[in-house]
Engineer: 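Quick one: this structure, given as C-alpha cells, is what I'll be asking you about.
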There are 2 protein chains.
Amino acid sequence: MNTTSTPKIKDVAIAAGVSTATVSRALSKPETVAEETRNAVLDAARATGYRINHAARNLRRQKTGAIVVLVPNLGNPFFSEILAGIESTLANSGMGVLMVDTQQSQGNKHLFTDYLHHSRADGIISLDGSLSNDLIDELQSGAESQPIVFACEWHHSDIFPSARVNNRRGAALAIDHLYQLGHRDIGYVGGPPGNVLTQVRAEGAMNALTELGCKTYENWSFQGDFSLQSGAKVAQEWLSMKTRPTALFCANDEMALGVISELHANGLEVPKHLSVIGFDDIDVAQYFLPPLTTISQPRLELGITAVNLLLERLQNSANADPHEHTVLPVKLINRKSTAALC
Amino acid sequence: MNTTSTPKIKDVAIAAGVSTATVSRALSKPETVAEETRNAVLDAARATGYRINHAARNLRRQKTGAIVVLVPNLGNPFFSEILAGIESTLANSGMGVLMVDTQQSQGNKHLFTDYLHHSRADGIISLDGSLSNDLIDELQSGAESQPIVFACEWHHSDIFPSARVNNRRGAALAIDHLYQLGHRDIGYVGGPPGNVLTQVRAEGAMNALTELGCKTYENWSFQGDFSLQSGAKVAQEWLSMKTRPTALFCANDEMALGVISELHANGLEVPKHLSVIGFDDIDVAQYFLPPLTTISQPRLELGITAVNLLLERLQNSANADPHEHTVLPVKLINRKSTAALC
DNA sequence: ATTGCCACTGTAATCGATTACATCTATGGT
DNA sequence: ACCATAGATGTAATCGATTACAGTGGCAAT
C-alpha cells in the first residue's frame, strides 16, 4: 500500500489476494464472484480506502456517467427549481450533472458544442427550446448524435422527446378565469418572440378569446422577455394607451409581478384598476402583494420526468420512442391579483 | 477515416500525415510545432470532425477539467445567481461545472463523498458552510485532500479560502439605518441556528445595537430558515407578542418578504406598523410592494472571485495562501419598507 | 570537417479500470 | 472412469490521449 497516492485497483487486488479483474467484478457485478471472495475484496477496498478512478472507467466503458443540462438563465428561479428535480433524480442513479448556461455560452460557440460532445456527457437535458438549428443538426447527425430530451420548453421542430405541461390548456384556463370575472378586454404579455412558450401560450390565449367571442387587438399583445423589468416596461406601455385591456394574462409570473409593481408605483392598484394573471406559480407568487393568481406547473416533476425519459433512452437506445412527450397537468391558482370587473 | 464512429487522434494523424504525438502537440501546445505542420493538423482535425476524448485526456493528465459546486438549496434564487457567476467564469477557462444539492445529498452520504473525490473533479466550491466535520476532515486528509474554497458562507473552522462579504458591516449598516429612523426597539430574524451567516449577522447586529445603547431582548431574536414561509411564521409570532420591536432586521430578503406578506394578510402595513429590512437584494426585492430596503451583496462577483481563488490554487498548489479570504463590500439599498418611527 | 545545439517530430510507455478469452476446479450424468 | 458443463478466477488486450525520451536534420561556430 502506498501512502502518498490514492490506492488503485491493483492495491486492492494485492490486499485481497486476488486479481484486478476479480476486484473489478466484485465491485461492479457482485453476483458474478463467490461470496467469500467478494467479502475479501470489499474489506480490502474499505481498508485501503479505494475510490474508483472515473476517468479510467469512462475511457474503458465509453461513457461518462454524467449528463449536461442546458439552462437558458441560471439566475431565474423558475429554472433552478426544475434543476433541483433533475439533480436529485440523477444523483440517485449515481450520475453527475454538468450545468451550462446557454445565454452565457452562445457567444462562445466553440466551447459550447464541445460540452455537448460525447466524451463529456452521456446525454443532454435542455431547458432551452431556442437552440440554434446548426446545433440541433449537429446533435442529430451521425457521429455527434446524442440522446437529448427537453424539459418545459422544446425545440421548434419538436422531434425530440420532452417533458412539458399542457400550455394551451393553461392559457385557456387563464383566459376563462378572466372571462368569468367579466373581463372582455384581455391583453397578453409574452416573452421573447422566438420562444416556444411565448408562442404556444399566445395561441392558447387567442383561441380561447375568439371562442369566447372576445376581440383581440394587435397592440394588446405586449412583448416582454420573462424578466421582472420587462413586466415593468409593459406596465408603462399599458399606462400610455388610450384604450386599454382591463386584464392581462402574462406568460410568466415575473413579468406579472413587474407589471403590478410598476402600476403601483404609478398610483394604480391591482386588481382594482387591472387584473393580472401569471404563469408558473413561482415561490414568491403567493407572498406577493397582492398574492398572484397564476397557472401552476409542477416544476419538480418536470425535472424528474425529463431525467426518466433520458435514462430510459440511455438504457435501451434502440426501442425507445423517439418522439415521446410526457404532458403534465396544469392548474389554476386563484389568488388576489384578479377581480371582477366593475 | 471511419464514418461509423467518432474520429480519434490517430485518424487525424493519418489525415495530416504526421504522428499522433504531433497532433496532440499541435492541439494543446501549438507553439511547439512548426507552423506548416500545425496548419496541416488543424485542417485535418477540421476535416475529420475530430473532438477530443476527455476521458482519455483526463486519465493521462490526472485531472478532470471540472469542478463541483456544493449548493445548499438549488431552488433558492440567491444561490442560483452566484452559480451563474461561477458557471460563466469557469466556462471561459474550459472547465465544467458539476452541481450538487447538499440538502438532497446529505442523506446519501456515500454518493456524496464519491462526488467529491479526485477523479470526478479537480476542486470544490462550496456555497454551503454547514458541511459536516467528518466530511471536512476527509477533504483535508492526505490522499483525499482536495482544493476547496467557500463562497458566501464558510466553514465554521474557517481554515479554507473564501469569497465573502463583510457581513458584520452589513448588519451594522442595517441597524444604523433603523436607528437613524428613530427605532430603538429592533428585532432580528435569523436563519437556521447553525448557519454561519445567521450567527455573524446576529453578532454584527447585536454589537451595533449595544453600541447605540439599544436594549436587546432574547425573544426579539426570531428563528427562521431563510424561506419565505418561515418569514410568515415570524410575523405570526411578532403579532402575538405584547411588547414588540418596531423594526425587524432579517438575515435575508425572503424572510423579510414573508414577514411583510403575512403582516399585510393580517391587516397591518409595512412600513407603517413595522419597519423591515432584509439582506441580499434579490431581484424581486425592488419590485415588491413596498420595495424592500435591504443590504446588497455582489452575487455575481462572489461567484467569480471564488472561481479565481480556486483556479489560482489549482495552478500553483504550493505557494498559495491557504487562508486567503476575499471580502467584498456591502451596500445599503434604501427603499420603502423602512420608515421613521412616529 | 567536426562538433554542438536547436527545432522539430516520431516511438512507445503510460494513465487505471474493464472485459474477452483462457484456464482451472468441481460436479453430475452416463 | 470419463466427459460435459458451469462457476470462479486469472491473463492480458483495450479504451484514446499525453509525454518522456530518442532520434533527425539543419545551421553556426570552431
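All values below come from the heavy atoms of this structure, side chains included, with hydrogens, waters and symmetry mates left out. No experiment lies behind these values; they were computed from the predicted model shown. The chains referred to below are lettered A, B, ... by the order of the sequence lines, with proteins before strands, and numbering in each begins at 1.
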Engineer: Between the main-chain N or O of A:Leu27 and the side-chain N or O of A:Lys29, is there a donor-acceptor pair closer than 3.5 Å?
Structural biologist: no

Engineer: Once you round it to whole Å, what is the distance between C1' of D:dT11 and NZ of A:Lys10?
Structural biologist: 12 Å

Engineer: Check whether any side-chain N or O of A:Thr64 sits under 3.5 Å from a backbone N or O of A:Ala66 as a donor-acceptor pair, and report yes or no.
Structural biologist: yes

Engineer: Angle, rounded to 10°, between the helical axes spanning five pairs at each terminus of the helix from C:dA1-D:dT30 to C:dT30-D:dA1?
Structural biologist: 50°

Engineer: Can you measure A:Glu36 atom CD to C:dA26 atom C1' for me and round it to whole angstrom units?
Structural biologist: 15 Å

Engineer: If only atom types and distance count, is the side chain of B:Asp128 paired as donor or acceptor with the main-chain N or O of B:Leu70 below 3.5 Å?
Structural biologist: no

Engineer: Which is more 5' along DNA chain D, the nucleotide nearest B:His54 or the one nearest B:Arg25? Just name the residue.
Structural biologist: B:His54

Engineer: Starting from the 5' end of DNA chain D, give me the residue, A:Thr22 or B:Ala55, whose nearest nucleotide shows up first.
Structural biologist: A:Thr22

Engineer: B:Asp11 and B:Thr48: side-chain donor and acceptor closer than 3.5 Å?
Structural biologist: no

Engineer: In whole angstrom, give the distance that lies between atom CZ of B:Arg61 and atom C1' of D:dG16.
Structural biologist: 13 Å

Engineer: Does A:Ser162 use its side chain to pair, donor to acceptor, with the backbone of A:Ala151 at less than 3.5 Å?
Structural biologist: no

Engineer: Please report the distance, rounded to the nearest Å, between NZ in B:Lys63 and P in C:dG16.
Structural biologist: 15 Å

Engineer: Residues two or more places apart in sequence or in another chain: which of them pass side chain to side chain contact (heavy atoms under 4.5 Å, CB included) with B:Ala40?
Structural biologist: none

